Amino acid sequence: MKKITTITVALIAGLTLTACGNTSSSSSSSKSTTSQKSTASSKSISSGITLANYKDIQVALPNSGTATDETKVKSMFGKPDQSTKTSITGLDKEATQYTWTNVGKTLSGATVTASFYDGKAVAKAYSNASLTPNSKLTVATVNGIKQGDTLSSVEAKLGTPNAESISGSGTLSAQIINYTSIKGKSGASVSFTFTNNKLVTTTKTSFN
């Protein structure tokens, strides 16, 4: 058993070298992929939080739907400016709310928040976005919005709101959107409140 032929030793050595080579290649490939993801993430953070990033966040109460992980949001948004505790309807304990101000052009001037409970998003919001006035946003189109309309249908008619707040899910959900810079109405604004994705209240300011 102690006698090993040269051929056998050579084969074992060859397989060992091949395995080492594959391991090195695999490791190099893995590092390259990780580096690319890290670069993409860093680029996204440096260019600021976009409206698309914000919309990627899914919120839901525990066991009531799909919610985005806290770690994913932080990887997209970067380090929060601050954190506080906040109450969310449907939760027995307070959630942790993070705030960001490093926004890009699509959310220019806005402050973005996201709230988490057990590491899952239960609420999100942005406020004071200085968006380019939308030609769709007129008194006529605002007056055309009716109770029972969905959030998506209102946004399709009026464009991106200057502020938005979404929390919870299902019958315990609440969505509020606000529009300013209404064409022909300087200083006017309108807010729409939705429950379970259906419009329940419209509040108009300085429309007279």
Side-chain angles (χ1 to χ4, degrees), residues 33-62 64-134 137 151-152 154-155 158-169 172-182 187 189-195 197 203 205:
T33 302
T34 302
S35 176
Q36 287 174 1
K37 286 182 179 179
S38 177
T39 301
S41 178
S42 298
K43 186 177 181 180
S44 174
I45 292 171
S46 64
S47 61
I49 299 167
T50 66
L51 182 60
N53 292 151
Y54 171 83
K55 287 186 174 296
D56 276 345
I57 302 174
Q58 297 184 67
V59 303
L61 294 175
S64 298
T66 302
T68 305
D69 290 335
E70 180 178 332
T71 51
K72 180 178 179 180
V73 175
K74 287 181 176 178
S75 71
M76 289 193 299
F77 288 8
K79 184 180 180 180
D81 295 302
Q82 66 178 32
S83 66
T84 57
K85 293 295 183 180
T86 184
S87 297
I88 303 291
T89 301
L91 296 179
D92 56 354
K93 291 186 287 187
E94 290 184 317
T96 301
Q97 177 180 282
Y98 296 103
T99 301
W100 292 266
T101 54
N102 58 314
V103 295
K105 291 182 179 179
T106 52
L107 282 174
S108 180
T111 296
V112 178
T113 63
S115 302
F116 301 90
Y117 184 85
D118 285 343
K120 297 290 185 178
V122 291
K124 66 177 182 177
Y126 69 84
S127 59
N128 302 319
S130 303
L131 305 177
T132 302
N134 193 321
L137 194 53
L151 174 63
S152 58
V154 172
E155 289 192 348
L158 303 182
T160 303
N162 298 94
E164 175 182 280
S165 174
I166 297 177
S167 65
S169 52
L172 293 177
S173 67
Q175 302 93 18
I176 302 173
I177 56 176
N178 175 262
Y179 292 89
T180 57
S181 303
I182 296 168
S189 66
V190 59
S191 294
F192 301 98
T193 301
F194 304 78
T195 297
N197 201 35
T203 304
T205 303

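We number each residue from 1, following the sequence as shown. If you're wondering where the values come from, they're calculated on a predicted model, not measured in any experiment.
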Which heavy atom of [X] sits nearest a heavy atom of [Y], and at what distance?
X	Y	answer
Gly78	Trp100	O-NE1, 2.8 Å
Ser64	Ser169	CB-OG, 3.3 Å
Gly109	Val103	N-CG2, 3.9 Å
Ser83	Thr96	CB-CG2, 4.3 Å
Met76	Asn53	CE-O, 3.9 Å
Thr180	Ser189	CG2-CB, 3.8 Å

Are [X] and [Y] packed together at the side-chain level, in the sense that at least one heavy-atom pair is separated by less than 4.5 angstrom?
X	Y	value
Leu107	Ile49	yes
Leu172	Leu61	yes
Glu155	Thr160	no
Lys124	Ser115	no

From [atom1] ([X]) to [atom2] ([Y]), nearest 0.5 Å:
X	Y	atom1	atom2	value
Lys93	Ser87	NZ	OG	13.0 Å
Thr113	Asp81	OG1	CG	11.5 Å
Leu151	Thr195	CG	OG1	11.5 Å
Thr50	Lys55	OG1	NZ	10.5 Å
Ile88	Ser173	CD1	OG	12.0 Å

Is [X] reaching over with its side chain to a backbone N or O of [Y], donor-acceptor style, under 3.5 angstrom?
X	Y	result
Asn178	Asn162	no
Ser108	Lys105	no
Tyr179	Gly159	yes
Thr106	Leu51	yes

Subject >> CA sep, side-chain torsions, deciding dist, call: Ile57, Phe77, side-chain contact (heavy atoms from CB on, under 4.5 Å) >> reply: CA-CA 11 Å; Ile57 302 174; Phe77 288 8; 3.6 Å; yes
**OP:** Would you please test Phe194 and Ile177 for side-chain contact (heavy atoms from CB on, under 4.5 Å) and show each step?
**Re:** CA-CA 9 Å; Phe194 304 78; Ile177 56 176; 3.9 Å; yes
**OP:** Check the pair Thr99 / Thr111 against side-chain contact (heavy atoms from CB on, under 4.5 Å), numbers first and verdict last.
**Re:** CA-CA 7 Å; Thr99 301; Thr111 296; 3.4 Å; yes
Subject >> Contacts of Glu164 that satisfy side-chain hydrogen bond (donor to acceptor under 3.5 Å, both in side chains) - sequence neighbours left out >> reply: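 By the side-chain hydrogen bond (donor to acceptor under 3.5 Å, both in side chains) rule, Glu164 matches Tyr54.
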**OP:** For side-chain contact (heavy atoms from CB on, under 4.5 Å), just list the numbers for Tyr117 and Asp92, CA-CA rounded to whole Å, side-chain angles, deciding distance to a tenth of an Å, and then say yes or no.
**Re:** CA-CA 10 Å; Tyr117 184 85; Asp92 56 354; 2.8 Å; yes
Original post:
Which residues pass the salt bridge (Lys or Arg N to Asp or Glu O under 4.0 Å) test with Asp69, sequence neighbours left out?
Top reply: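 Salt bridge (Lys or Arg N to Asp or Glu O under 4.0 Å) check on Asp69 returns Lys120.
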**OP:** Can you establish whether the number of heavy atoms outside Asp56 located under 6.0 Å from its atom CG is more than 12?
**Re:**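 Counting other residues, nucleotides and ligands, CG of Asp56 exceeds 12 neighbours.
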**OP:** Using the side chain to side chain donor-acceptor pair (under 3.5 Å) rule, pick out the option among Glu70, Lys79, Gln82 that qualifies with Tyr98.
**Re:**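 Testing Tyr98 for a side chain to side chain donor-acceptor pair (under 3.5 Å) against Glu70, Lys79, Gln82 leaves exactly one candidate, Glu70.
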